[in-house]
Amino acid sequence: MNAAIATPTTTWYLLLAAVLFAIGVVGVLVRRNPLIMFMCIELMLNAVNLSFVALARALGDIGGQTTVFFVMVVAAAEVVVGLGIMVSILRKRPTATADDLAELKG
Amino acid sequence: MELFVFICAGIMIIGGAVGVVARSHPVHCALSLVATLFGVAVLFVAMEAHFLAAVQVIVYAGAIVVLFLFVIMLLGIDRAESIRIDPIKVQRPLAGIVGVGLVGLIGGAILQSRDAIKARGDGLAVANADNPVHDSNIKQLANDLFSNHVFAFELTSVLLVIAVVGTVTLARRPSKRGASDQSEEVAEKVAK
Amino acid sequence: MLAEFVAPKIDWMALSPLLVLLGGGLVLIVVGSLTTTWPKRAYSTYTVAVAVGALVMALVQWHRISDDGPKFLINDALSFDAFSMFGTITILIAIILTALITDDFLRREGMDGPEIYALYLMAAIGGLVMVMSNDLIVLFLGIETLSIALYVLAASHRRRIESQESGIKYFVLGSFSSAFFLYGVALIYGGTGSTNFNKILAAFDNVPAERKDTLVLVGVGLLMVGLFFKVAAAPFHFWTPDVYEGAPTPVTAFLASAGKVAGFAAMLRVLVVALPTWRDDWRPVIWIVAVITLCVGAILAVVQTNVKRMLAYSSISHAGFILIGVEAAGHVNGSTGKGMPSSMLYLLLYTVLVCGTFGVVTLVGRTGDNATYLDSFRGLSKQKPLLAVAMTVFLLAQAGVPFTSGFVAKFGVIRAAADSHSYAIAIIAMLSSVISAFLYLRILISVWMIDPTAEDDKAEAIRVPLSSGVAIGAAMLFTLAVGIYPQWLITASEKVTQLAGR
Amino acid sequence: MIDSAWLIPALPLAGFLTILVLGRKLGEPKAGFLATAAVAGSFVVAAGVFLDLMSKNGEDRNHIIKLFEWVPVGSFHIDMSFKVDPLSITMILFVTGIGALIHLYAIGYMHGDPKFSKFFLYMNLFVLSMLILVMGENLLVTFLGWEGVGTCSYLLVSFWHTSESNASAGKKAFVTNRVGDFGMMIAMFFAFQYVGSLSYDSINGSAHAGGSLPQTAATAMVAMLFVGCCGKSAQLPLYVWLPDAMAGPTPVSALIHAATMVTSGVFLLTRLAPLLAYASPWIMTLIAVIGLATALFAATIAVAQNDIKKVLAYSTVSQLGYMFLAIGSGAYVAAIFHMITHAFFKALLFLGSGSVIHGMHDEQDMRKMGALRKVMPITAGTFIVGWLAIAGVPPFSGFWSKDEILLFAFDKSPILWAVGLFTALLTAYYMTRQVILVFYGKARWNDQAEEHGAHGDIKPHESPVLMWLPLVVLAGLAAVGGVINLPFNHSTEKLMTWLEPVLGHGSERVLASGTEDIKWILAGIATLGAVVGIGFAIAVYSKHKVKVVEPEIMANGWNYDKALSGFMGGPGRDAFEGVAWFDANVIDGAVNGSGKSVQGFAGILRKAQSGFLRTYAAMIGIGVVLLLAWFFYRGVSQ
Amino acid sequence: MNGLSTSLAAQVAATEPLPAGGRFPILTMLILVPAAGAILVAILTKRRPEFVKLAAVLSSVLTGALGLWMLASFKTGQAGFQLESKHEWIQAWGISWHVGVDGISLFLVVLTGVLFPLSILGADPHHDEKPYLAWLLLLEAGVMGSFLSLDLFLFFICFEIVLVPMYFLIGGWGYDKRIYAATKFFLYTMFGSAFMLVGIIATVLIAKNNVGHITFYLIELADKGGFAGSTGRWLFFSFAIAFAVKVPLFPLHTWLPDAHTQSPTAGSVVLAGVLLKLGAYGLLRFGVYLFPSAAYSTRAIFLTVAVIGIIYGAIAAAMQKDLKRLVAYSSIAHLGFIVLGAFAFTEQSVTGSVLQMVNHAVSTGALFLLVGMIYERRHTRVISELKGIQKVAPIFAGVFMLVMLSSIGVPGLNGFIGEFLVLVGSFATARWWTVVAASGVILAALYLLWAYQRVFHGEPDEANKTFPELKIKEALVLLPFAAAILFVGIYPKPMLDRIQPSVNELLVHVEAKTNGDFTRVVTPHQDATSDEGSDGQQGSETATTEVKAP
């Protein structure tokens, strides 16, 4: 195995992140459970984080990592609030899927 | 070595992600998510972002996924979702197009500009050459956090306060005074 | 070897509006949760006081900028210029009006408490950060601060299932689009080496003009997705009608005013300040999105029966108008064009308008916040003539009738478009405003021209409490006054082109 | 005296205004006398002006009275000016003279009508308009009068408006006249464009080769003016309104639809004689032919009419045709001459018929009359004078004027003369028929009384003095009216001499020498024709020697009117309905349709707003892909 | 010659400095008084309706009086703008409150001033009088502003604000399909002005290069704007669409029958009387004046559309079953004449067009009042339900007749003068259009007389037997209309003398700006006929007597 080829470059990481991101997007589109949709969003955020770190390394700039830190905080805050909202609505109608929440339309 | 790590972690990440999307049971999804998060953490380590890797494991895998599981259990919605067919027929083809499109476009862009990133990185390296930073990851991070990003850091505190206040607001039971309670109405709607 | 840590210098004075809001918000949270229920109107009075305090500080800063000139704050994280202060003032006005409307609403719905107000204040901080931001990360955090507060606010009416539904929809879609935004930030970071506007701008300084970077361009695209979502531009507008309809009406007012202002300010800042290098790339996008937004907003509003939903579509159509200003700003390098001032002026005027409009809708919504259908407005002119007059003024202003602020706003953006020879979009915009005029007329027909049925008479009487009355009255007077004598505001808005660092 | 000529229209105006304000207070019969006095006053003033003019040289007899600037716009000045010259004073005299007589007659005729004073209000307005028409110094002032008389005609025809047919007749008169007015207006536009003025003097002055008015334009002007005249003077194809207009009170028929208004077309063309002379000759031939065709056409219809006034109406149309024949033959003086004599005898005949109708209690069907000469001797006597005049029996006035016209027609073309002569024969025939049916034979009014029992008890009676006095005066005029222009020598042709300065160049009486020589032979033939016509009528209606020939198609006016109204009510109306349908469904339909299509489009668009979270997310996703595709394209295409 | 003297006069007027600020700002007050009246009416208490009505009547009468004062202070024979007053307003955008009046707008302003008090007095809204009066007064202010403004921005906002009161008047006090009609009116007109707003802004910005600074001042833009070629045409069309809708020109007219028919009487009177004139006036003042070469080069379109409108409107009118709708369609035909005159570009036709704007307002306004009175009495406007009214109400019928004849264009009444001038002027430059248009006079007689016959003639049936005669109050309202109909028909000189110089100057302006494409039509014998002494073309010694009108 040729070492020159063997070392994954930033591009690899970025592509991996892109695929992960796309899977997350697809997940949001196809899943009906709001919780799982939200998990998919977490996937997307992780893809972004991965990109940031890879880019930070490529650029030799720590700023990308700092950003990841903030993203994590945001993700945490989002999870708290998001789950709060979901709990408050799913408590009343536990079987509800995202498709059932369609009172508002048109 | 890095290739091996990359491939293993990559499989873990993609596999986990596919698991989140494809498993019908919410708990399985959550566990798949953990796999992805771990994979990402591994790659962080591979890219020498140790602090972030730690945080990734602790906050994400530790706290967030647990929270997910907790909510699943709390609400008792731990039943499998039938994912054979989608009630909205166009949804899956659409999702496919969007997914492929995203990968294609973003991937294409990445491939297009891989030299540019490299050049940019070299440029920055040259710019930083007279002030080489060889601190450990955590120190660099801290330095950056409290100088360049100090405002953003402070802002995260507001964000967290909001999260707290928000959950409190959501959790607060509506008081009985004022409006007539409409829970019956709600119940009716639910029954529908 | 430890790199020398340099603590950034902080101009506390420049941050004062932000700090007043933060302090006020924290005090409210702490004191509010420690004490029992405050007396009637105390929460809202307090909130208004805080916001007014911040507003006063902002005005002071405004003059300071006029005298001393703009600058950057805290290691270039924020820009302190007329643009950001104009946006700040607009958001603070939105807070004041919304708080006044909210006061009685909460008591009517049995939801009185400090949380909502605290969320308003905190959300406003997010908004302020967005308009001031000079860094994509700061901007992202600002967006999230605002958005998370708004998710909660939208879902805060516990008795209305629609409120919850709107909360969850807003939340999922909001996070979804935030992820895109963030990915855009990452790609731009990759392509330029920084998230700071100054550095992004400088990154391509020495590169030939035709040299672009696909990664950055795609990043710009992703960035725009997030911003388009925030301002409810088509096709990223789908959340808007549902959320506007479902959210408690005062919150809708807040969403439509502060939310939109912050979103557009951020968009202008990002596109005009950070990404002018690629303006030939993003301007056509803005053009087409503006057209779609105008059409979608106008056309879909036609078939609605719920006034809140109608106004949601109308706000989409207004977003289209503001996008025209953004498009115009994309014709010139830098901020010298008419695009930015006209957009910011539009935002300020629209903020007051929309708060007033939703203020009236709040009152007509009656207990339960559900009577917001066209039929609910029947007989308003008989029951509360003044309220009907106010509604009329607001709606006509939104339709762009002269002698109201709405006309001044539209005139401004159309002028900006004409100035950059975008006649086609100007014509399309005006034609769409004809279509959307139909929706305002439909509401007016209900208000004035259809006699209430016996059933309508049996419905709960509409009350006009003091605080709402003050807010609606002030908004109406402002609408008319600006319509008649807009000179001072125009002059002020034209200062927003003096951006920090240029 | 000339300077006070403005009094001529002013007096009827004063009468009009007085009755307008005080009409109801004055009531019957004061209003009538007031109106009569106003018109008579005009006549007196006119007579004074006439004498004044007479005292002047021929060249000085053109006098313009400017009241005020009427329509001054830039280079275009139209004054409210009156022209007093031999032609206008001739017209004024006979208009006011006959007008006064008819007013007087109407006091008796309209006795007991609830709208007595309103009748005289309109009548005075009519006289005023007619005077403006004839006195106008320019086309526009004339047009003012022209339309004024038309309006008064409308008002008076539908005077008894509770009857639908009267109302329709009035409307028909007005609208048909509007068709003519269209032509008249176009003629004025031509005048303005090429002459820059509408004054007669300017138009006639530029009607010469080398003037600012090209001959083609002059021809077009004449043609359009003739269209106007066809409307007003009831020529083919626009004559249809006149028979219907008999629905009005009989004095109206006499004054407006026989003596004055309908002749104004003749007046107008005479007024512009130099222009006519300048225009291409074919237009004159056309006028002559149309005039003659109308004369013959109307005469054939008159033969078969049973309504006493309809006969006279068609007769009027026919006689007007004669006048146009004269114009077309270049015999302007003859036209005016016949106009005057016709005014005398036709007014007489109408008033006589009115007297009969009055006496017969509003019965107009001649078949229900007969032998009335015994019960209404004065009426009968005067009517017979009128009959002789119109039939062209020498030495009554009609003979002279008609003879003059035929002479000129012969000069132009013997064919015209032959047809004219035949028409004269027909005229004699149908008028004799009328006289016999009304005044001779068996009294048929009792038949009806028997049929209807006591219900329809009719006792014809002679009319009051107010009515027969004008009859007598007119009968005198009709008898001796010919003296004003006897063709013996130049000095007896008084009218000719009088009008010559007005008609200007090209309108002198020039006959081919051959014609001049045989004029007495032609006159003899014409007299013979009249006698034949009368004799034939007597043979048919009095002696019953010949079977009555009254074909249905002639009684129906060759179905022309029917066809016309059939067209208006049929395809014409359908076309109008079609336009209205087009407006409501296509044009407005497009407007409403665009509104509907917006709604329909919204209906499609809102399907995307399904309420499903995932749909929204998908839309965002698609938006993202499209957006990225654009940026990617921009990136790779650099 | 005359044109020369007037343009000289215009120069003299232009060089005259604006009078000192101490002068009373009549024109500004003409706009502000009704606006203030509207506010006053709106804030007065509903409990004393008599005060409300009094305030409304007083302020409208005061406006009318101001209008007459303006008429009195107007200097005859001057072409330029008079009584100008200017105040800075929105300097940032080069906008000022700039009002002035010239011969073209003069009588429209007077008309507005007179028409409003009459329609306030002449028609009863039956309910909610207070807002009704407030809207009417606001409408008056808007209309005044449109006619008086010399600033494009001011014009546009006044032009546009007019929609609002009219919308509420139709929608609030109209008849059964009022909401449909009001909405249609609002949206249709707004559709038109959508183009104009863009056009105005573009005009100003494009003119900036030539003028040197941003200004909305009409005269400056017209003089220095220099909108040549296709730019001018595009701008002109953006204006023209708005005006064409407002006029309305075929095929943009369908809002009008609905709006007219459903509007309350006062609304119809004002709509026909002044609102439609905004379109025609705008075409002259802002279309032709600003973009002479574009207007001239596209005149064929306008002439054609105008002529179609004349014939089409008349035919459609003839087929209407509703009396008010009939009058509405007749307006389309009449406005066709006005546009025909405006785009024939001769002194006579344009003067006639301006005069006809006033005439149409008078006759159609009066017709609407009369139809309104019929509706008050019979609660129907359907022609077939009315019959024989002349027998029971002869005076009413007489007045109707007079107004109708004026509308038909019978000489001696006002309608004729305008129509004739339009046609006679147009004939020289647009012959075949004029010939077709002139045939419209036949149709006008047809549909109006037919309607008159069906409504007034015949024997009244049961329902119409008790049709009340004209009341004193109604007669007093109609009296000014009748007086105007007669006066203008008989002695239009005072009006023509004031209109003509401005029209002439407009044409001189067009001639100067079209670079020789357009030359004013000079009729032959101009000098001879304008010189009163030499009428006699025959060379004979014609005696002329001047007689003072008796």
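Here the structure is a predicted model, which means the values were calculated and not measured. Heavy-atom basis, side chains included; hydrogens, waters and symmetry copies ignored. Each chain gets a letter, A, B and so on, in the order its sequence line appears, and its residues count up from 1.
Heavy atoms closer than 4.5 Å to chain E are found nowhere in D/Leu7, neither backbone nor side chain. Heavy atoms of D/Leu213 lying under 4.5 Å from chain E are absent altogether. E/Ser439 touches chain D through backbone and side chain together, each having a heavy atom under 4.5 Å away. Contact of E/Ile417 with chain D is made through the side chain alone, with heavy-atom distances under 4.5 Å. Of the two parts of D/Leu198, only the side chain, counted from C-beta on, holds a non-hydrogen atom closer than 4.5 Å to a non-hydrogen atom of chain E. Heavy-atom distances place the side chain of E/Gln453, and not its backbone, under 4.5 Å from chain D. Neither the backbone nor the side chain of D/Phe82 has a heavy atom closer than 4.5 Å to any heavy atom of chain E. Residue E/Trp255: no heavy atom, backbone or side chain, is found under 4.5 Å from chain D. With a 4.5 Å cut-off on non-hydrogen atoms, D/Phe582 touches chain E through its backbone and its side chain both. Interface residue D/Val71: backbone and side-chain heavy atoms are both found under 4.5 Å from chain E. For a residue to count as touching a neighbouring chain, one of its non-hydrogen atoms must lie under 4.5 Å from one of that chain's; by this rule E/Arg454 does not touch chain D. Only the side chain of E/Leu421 comes within less than 4.5 Å of a heavy atom of chain D; its backbone N, CA, C and O stay farther away. Looking at D/Ser165, neither its backbone nor its side chain comes within 4.5 Å of chain E, counting heavy atoms on both sides. For chain D, no part of E/Leu187 is nearby; none of its heavy atoms comes within less than 4.5 Å. Neither the backbone nor the side chain of E/Met495 comes within less than 4.5 Å of any heavy atom in chain D.
Contact count versus chain D (heavy atoms, under 4.5 Å) is highest, among E/Gly398, E/Gly409, E/Pro257, for E/Gly409. Counting heavy-atom pairs under 4.5 Å between each of E/Asp497, E/Asp258, E/Leu423, E/Ile408 and chain D puts E/Leu423 at the top. The most heavy-atom pairs under 4.5 Å with chain E, out of D/Lys118, D/Met80, D/Lys115, D/Arg573, come from D/Arg573. The choice from D/Phe189, D/Trp581, D/Phe190 that makes the most heavy-atom pairs within less than 4.5 Å of chain E is D/Phe189.
Looking at every heavy atom in both residues, D/Glu164 comes nearest to E/Gly458 through OE2-CA, 3.8 Å. Shown here for E/Ala316 and D/Val579, the closest heavy-atom pair between the two residues is N-CG1, 4.4 Å. Scanning all heavy atoms of the two residues, the minimum distance from D/Phe182 to E/Val435 falls at CE1-O, 3.1 Å. Closest of all the heavy-atom pairs between E/Ala318 and D/Phe576 is CB-CD2, 3.9 Å. Taking both residues in full, the closest heavy atoms of E/Val424 and D/Met188 are given as CG2-O, 4.4 Å, listed atom of the first, atom of the second, then distance. Scanning both residues, D/Ile186 and E/Ala438, for their nearest heavy atoms gives CD1-CB, 4.1 Å.
In summary, of the residues considered (E/Leu448, E/Leu446, E/Leu449), a side chain to side chain contact (heavy atoms under 4.5 Å, CB included) with D/Phe174 occurs for E/Leu449 alone. The side chain to side chain contact (heavy atoms under 4.5 Å, CB included) with D/Asp583 is formed by just one residue from the set E/Gln320, E/Met319, E/His253; it is E/His253.
In summary, the aromatic rings of D/Phe68 and E/Tyr491 are positioned with their centroids under 6.0 Å apart.
Remark: D/Thr151 OG1 to E/Leu413 CG distance equals 8.0 Å, nearest 0.5 Å. The line from CG of E/Leu405 to CG of D/Leu155 is 7.0 Å long, rounded to the nearest 0.5 Å. Here the CE atom belonging to D/Met185 is positioned 5.5 Å from the CZ atom belonging to E/Phe416, to the nearest 0.5 angstrom. The line from OG1 of E/Thr254 to CG of D/Asn592 is 7.0 Å long, rounded to the nearest 0.5 Å. Atom CD1 of E/Ile315 sits about 11.5 Å away from atom CD of D/Glu577, to the nearest 0.5 Å. To the nearest 0.5 angstrom, D/Ser594 atom OG is 8.5 Å from E/Phe191 atom CZ.
Between the side chains of E/His457 and D/Asn166, no donor N or O sits under 3.5 Å from an acceptor N or O.
The existence of a salt bridge linking E/Lys493 and D/Asp79 is excluded, since no basic side-chain nitrogen approaches an acidic carboxylate oxygen closer than 4.0 Å.
Listed for the D/Arg178 side chain is a donor-acceptor partner under 3.5 Å among the backbone atoms of E/Val441. Here the side chain of D/Trp70 pairs a donor or acceptor atom with the backbone of E/Ile490 at under 3.5 angstrom. Not one N or O on the side chain of E/Gln390 forms a donor-acceptor pair closer than 3.5 Å with the backbone of D/His161.
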CA sep, side-chain torsions, deciding dist, call: E/Thr346, D/Phe76, side-chain contact (heavy atoms from CB on, under 4.5 Å): CA-CA 11 Å; E/Thr346 65; D/Phe76 182 63; over 6 Å; no

